[in-house]
Amino acid sequence: MIREEFVPTIFRDPGIPDGEKSRYHVGIAGEPGGFEVCHVVVHDRGGYRTTLEASPEGNSDRELVMTVEQRIGRIEGRLHAETYRAQTRSGSTVVSREEVNFVDTVHLQFGGLPGPFPPNVMPIAGGLTMLRGLEFAEGLVESVDVWLASAVHWPLLVRVEKQVVFAGPAGVFPCWQVRLRPGFDQVNGMLDKMVGSVVPPFIALFEVAAPHRMVQLNFPTQMSMSAPRATMELVS
């Protein structure tokens, strides 16, 4: 065993019901098109197994589909990322494939020795499940290591800002507004300011009521403060 003991994460188990299915629309305001996301959570061996499918809007023949499958474990009431599998297909052709095992493994770290993934590691797609386990309270600040690809993971600063009321296609929801941005202050203050001036923040809304489903995510389409922003919004 590479990890001799379990290190508790910041992600509490929010109690997601077995078989929960959420549909989202993703697009840029004022522009046609967009794509659809379907996210399903099922109970699996004491934890959760999630499946995310994304495809262009109106893609009835499923010509282009991205599928992400994740296993999220639960120990002592805390969630942790275990596995990640992603595949994009264009018709019958595989465009790309990626697979990661986060638990009891080591990986080649840039500029350092081989080592395990940090306890609070989270794939981007895993945020739909794991961020629901935050200790939602105004002013709360947490640090997460968001996994991007291969051995690359960036520190992500998560700040619970305030309660708001969101009205969308799926209804009206009291929500917690959460700001997410890269946070390199513990590494280098100048680097943190430089990255913060280039990489815009993500703004997520989670239902106040448990199990705190994400109802909206507003995010940049490019690494530029002036770039148009896209929105992922709960439909059903």
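Below, all heavy atoms of this structure are taken into account, side chains as well, without hydrogens, waters or symmetry copies.
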> Can you name the residues that form a side-chain contact (heavy atoms from CB on, under 4.5 Å) with V165, not counting sequence neighbours?
Replying inline: V172
>> Hydrophobic clusters here meaning ILVMFWY residues chained together by side-chain heavy-atom distances under 4.5 Å, can you tell me if F35 and V235 are in one?
In response: no
> Between atom CE of M232 and atom OG of S22, what is the distance when rounded to the nearest 0.5 Å?
Replying inline: 9.0 Å
> What pair of heavy atoms forms the shortest contact from A210 to P14, and how long is it?
Replying inline: CB-O, 4.5 Å
>> Contact between D145 and W154 at the side-chain level, heavy atoms closer than 4.5 Å - yes or no?
In response: no
>> Suppose we screen for salt bridge (charged side-chain N to carboxylate O under 4.0 Å, His left out). Which residues come up paired with E53, at least two apart in sequence or across chains?
In response: R62
>> Who clusters with V42? Use side-chain heavy atoms, under 4.5 angstrom, across I, L, V, M, F, W and Y, and order the result by chain and number.
In response: V40
>> Applying salt bridge (charged side-chain N to carboxylate O under 4.0 Å, His left out), can you list everything that pairs with D44, at least two apart in sequence or on another chain?
In response: R49, R71
> Measuring from T129:OG1 to I16:CD1, what's the distance to the nearest 0.5 Å?
Replying inline: 5.0 Å
>> If you define the side chain from C-beta out and look only at heavy atoms, does anything of P17 sit under 4.5 Å from P211?
In response: yes
> Under the 3.5 angstrom rule, does the side chain of T9 hit a backbone N or O of P119 as a donor-acceptor pair?
Replying inline: no
> What are the two closest heavy atoms between V160 and F136, and how far apart are they?
Replying inline: CG2-CD2, 4.3 Å
> Looking at V103 and A81, what are the two nearest heavy atoms and their distance?
Replying inline: CG2-O, 3.6 Å
>> Side chains of P114 and H107, heavy atoms from C-beta outward: is any pair under 4.5 Å?
In response: no
> Should V215 and C175 count as side-chain neighbours, where that means a heavy-atom distance under 4.5 Å?
Replying inline: yes
> Would V178 and L131 count as a side-chain contact (heavy atoms from CB on, under 4.5 Å) if you check the C-alpha gap in whole Å, the side-chain angles of each, and the deciding distance to 0.1 Å?
Replying inline: CA-CA 10 Å; V178 178; L131 288 175; over 6 Å; no
> In Å and rounded to the nearest 0.5 Å, what is the CG to CD distance from N101 to E82?
Replying inline: 9.5 Å
>> The test is side-chain contact (heavy atoms from CB on, under 4.5 Å); show your working for V26 and F219 and say whether it passes.
In response: CA-CA 10 Å; V26 183; F219 58 95; 3.9 Å; yes
> Does the pair E161/R179 count as a salt bridge with the N-to-O cut at 4.0 Å?
Replying inline: yes
> Should T50 and I72 count as side-chain neighbours, where that means a heavy-atom distance under 4.5 Å?
Replying inline: yes
>> For the backbone of G46 and the side chain of R74, can you confirm whether one donor and one acceptor N or O come within less than 3.5 Å of each other?
In response: yes
>> With rounding to the nearest 0.5 angstrom, report the CG to CE distance, L128 to M122.
In response: 9.5 Å
> How close do G34 and H25 get, heavy atom to heavy atom, and via which atoms?
Replying inline: CA-NE2, 4.4 Å
>> Which residues pass the side-chain contact (heavy atoms from CB on, under 4.5 Å) test with T88, not counting sequence neighbours?
In response: L64, M66, V95, S96
> Just wondering, do E135 and R12 contact through their side chains at under 4.5 Å, heavy atoms?
Replying inline: yes
> Closest approach of E57 and G33, non-hydrogen atoms and distance?
Replying inline: OE1-O, 3.4 Å
> What do the steps show when you test T51 against V68 for side-chain contact (heavy atoms from CB on, under 4.5 Å), and what is the final call?
Replying inline: CA-CA 6 Å; T51 303; V68 178; over 6 Å; no
>> Going by the rule side-chain contact (heavy atoms from CB on, under 4.5 Å), which residues pair with T231 if we only count those two or more places apart in sequence or in a different chain?
In response: Q216, N218, E233
> Centroid-to-centroid, F11 to H80, below 6.0 Å?
Replying inline: no
> Would you find more than 12 non-hydrogen atoms of other residues, nucleotides or ligands less than 6.0 Å from R159 atom CZ?
Replying inline: no
>> Assess whether a salt bridge exists between R85 and E69, defined as any Lys/Arg side-chain N lying under 4.0 Å from an Asp/Glu carboxylate O.
In response: no
>> I'd like to check the ring-ring contact (aromatic ring centres under 6.0 Å, His included) partners of H39; sequence neighbours left out, ordered by chain and number.
In response: none
>> Count I, L, V, M, F, W, Y as connected when their side-chain heavy atoms are under 4.5 Å apart, and connections chain through other members. Are F202 and V144 then in the same cluster?
In response: yes
> For E31, which residues count as a salt bridge (charged side-chain N to carboxylate O under 4.0 Å, His left out) partner, sequence neighbours excluded?
Replying inline: none
> Does A204 have any side-chain contact (heavy atoms from CB on, under 4.5 Å) partners at least two apart in sequence or in another chain, and if so, which?
Replying inline: L180, F206, M214, L217
> L113 and Q109: which non-hydrogen atoms are nearest, and at how many Å?
Replying inline: O-NE2, 2.6 Å
> Does the side chain of I203 come within less than 4.5 Å of Q177's, by heavy atoms?
Replying inline: yes
>> Applying side-chain contact (heavy atoms from CB on, under 4.5 Å) to W176 and V164, what does each step give before you reach the verdict?
In response: CA-CA 6 Å; W176 285 107; V164 299; over 6 Å; no
> How would you list, by chain and number, every residue that makes a ring-ring contact (aromatic ring centres under 6.0 Å, His included) with H43, sequence neighbours excluded?
Replying inline: Y48
> Do N120 side-chain atoms and I10 backbone N/O form a donor-acceptor pair below 3.5 Å?
Replying inline: yes
>> So, taking the atom named OG in S236 and the one named NZ in K21, what distance separates them when rounded to the nearest 0.5 Å?
In response: 8.0 Å
> Between CG of L134 and NE2 of H212, what distance do you get to the nearest 0.5 Å?
Replying inline: 9.0 Å
>> Taking ring-ring contact (aromatic ring centres under 6.0 Å, His included) as the definition, give me every residue that meets it alongside Y84, ordered by chain and number, with sequence neighbours left out.
In response: W147
>> Restricting to salt bridge (charged side-chain N to carboxylate O under 4.0 Å, His left out), what partner residues turn up for R78, sequence neighbours left out?
In response: none
>> Are R229 and I28 packed together at the side-chain level, in the sense that at least one heavy-atom pair is separated by less than 4.5 angstrom?
In response: no
